[in-house]
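Everything below concerns the one structure shown next.
Note that the coordinates shown come from a computational prediction; the quantities given were computed from them, not determined experimentally. Throughout, protein chains are lettered first and strands after them, A, B, ... in sequence-line order, and every chain is numbered starting at 1. Heavy atoms only: backbone and side chains are in, while hydrogens, waters and symmetry mates are out.
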Number of protein chains: 2
Amino acid sequence: MKLDEVDRKIVSQLQIDGRTTLETLGKITGYTNMGVRKRVNNLLESESIRISALMNLKRFNFFLAVVLIETDGPETLQRLLKRFENCPRVVYIFTTIGGFNMIALVVAEDKETLESISMEKCSLRSEKGIRRSEFYPVMDVNYSPFMPIRRYLAHKDLSVPPCRVNCKPCARYKFERCVGCPATKYYKGHL
Amino acid sequence: MKLDEVDRKIVSQLQIDGRTTLETLGKITGYTNMGVRKRVNNLLESESIRISALMNLKRFNFFLAVVLIETDGPETLQRLLKRFENCPRVVYIFTTIGGFNMIALVVAEDKETLESISMEKCSLRSEKGIRRSEFYPVMDVNYSPFMPIRRYLAHKDLSVPPCRVNCKPCARYKFERCVGCPATKYYKGHL
DNA sequence: GGTGAAATAGTTCAGAA
DNA sequence: TTCTGAACTATTTCACC
């Protein structure tokens, strides 16, 4: 995908405000609103860009962590990716080249719950076949506190979490040291 | 910031499509468009959410890397944060607790240029006071290829890059092994 | 990419809950 | 304080150039 000057102006503006009207985009580019509409629609339909609500981690008191993982092979890696595909607490999982072959960004609504996804049965590290892992709690997110948090707010009515690890029998959940999975009816958090 | 059921529905929908009309949001929540307008404006004005264009890393052939850094103290860390504040290639810098105290997400438009920001004078690791660093090129971004890339498309007219390291005298830039900083007039990339 | 008219959507504000 | 309804303004859409 290549962008010309006009596309660049459009995308730049939509980065600042994704709801900018076609009219305004027209003024910025010197096109009519129909002209930019076609550009914007092309960018969206080709999935070159997506216009989406990001959440302010600071405002919602989200706690973020980076998890580094070394798996014993590609099967474990694939199993992990599949298992956490719909986990609301996983923002991104990168597969990487190097000593660690997987780096994940995870999020939770308090420190206790972040601890759960660091060590409990529902954590990334709990998967069989992980040789080594490191967990880095994030103190501060620099440059922009806005992040594309996935699915945190949807359903809340499942009886089994997307990762298939039930919260109910978990000691941390029982003793109120974890708010549980946001996708299930067991969720006790504020979101 | 706390969200009620209505806010949650609104934000959920805006995550899927940030340009959803107030009318549609009204239908989803059972409110009138005025009702949701207030909600949406509150969310935006309080900076709880931001609606923004994300770029598809795959579509634009972006190369991503995770950089782990251990600094010799808080001064180095602050200096680094300040220096890369406006670097278009830095997506996020997290300050963390643990063996590494800084984790950055960086982006480039080809492998050669990614290599530059891994080792050249304009790289994060070039800062004085770094004890140790690791660089993990990302093979694959899972779950969503969309990322809030900052400032990549703006200006392109500076004579000195935001990090203050000139591209012109750099050997990699001269020998076409780096497209240069996207914020400057020396930029030779496709974006 | 642009036009112009029709259709949708957004805004304002007085008043109800 | 929060939402509604109706009138008004702005924006978007559609078929066609």
When you check every protein heavy atom under 4.0 Å of nucleotides 12-17 of chain C, what one-letter string (B, S, -) results, 5' to 3'?
BB----
Transitive ILVMFWY side-chain link B:Y152 to A:L3, under 4.5 Å:
yes
Same cluster or not: are A:L44 and A:L25 linked, directly or through other Ile, Leu, Val, Met, Phe, Trp or Tyr residues, by side-chain heavy atoms under 4.5 angstrom apart?
yes
Interatomic distance, CZ@B:F135 vs CG@B:L114, rounded to 0.5 Å, equals 4.0 Å
First locate atom CZ of B:R83, then atom CZ of B:R79, and finally report the distance between them rounded to the nearest 0.5 Å.
9.0 Å
Using atom [atom1] of [X] as one end and atom [atom2] of [N] as the other, report the distance to the nearest whole Å.
X     : N      : atom1 : atom2 : answer
A:L44 : D:dT13 : CG    : C1'   : 16 Å
B:N41 : C:dG10 : CG    : P     : 11 Å
A:K38 : D:dC16 : NZ    : P     : 13 Å
A:Y31 : C:dG2  : OH    : P     : 7 Å

Contacts of B:E120 meeting salt bridge (charged side-chain N to carboxylate O under 4.0 Å, His left out) (sequence neighbours excluded), chain-then-number -> none
For DNA chain D, the residues among residues 2-28 of chain B that have a non-hydrogen atom under 4.0 Å from it
B:R19
cation_pi(B:K156, B:Y187) dist<6.0 Å, angle<=45
yes
Check: B:R50 side chain, A:A53 main-chain N or O, donor-acceptor pair, under 3.5 Å:
no
Is a donor on one side and an acceptor on the other found under 3.5 Å between the side chain of B:R19 and the backbone of A:G18?
yes
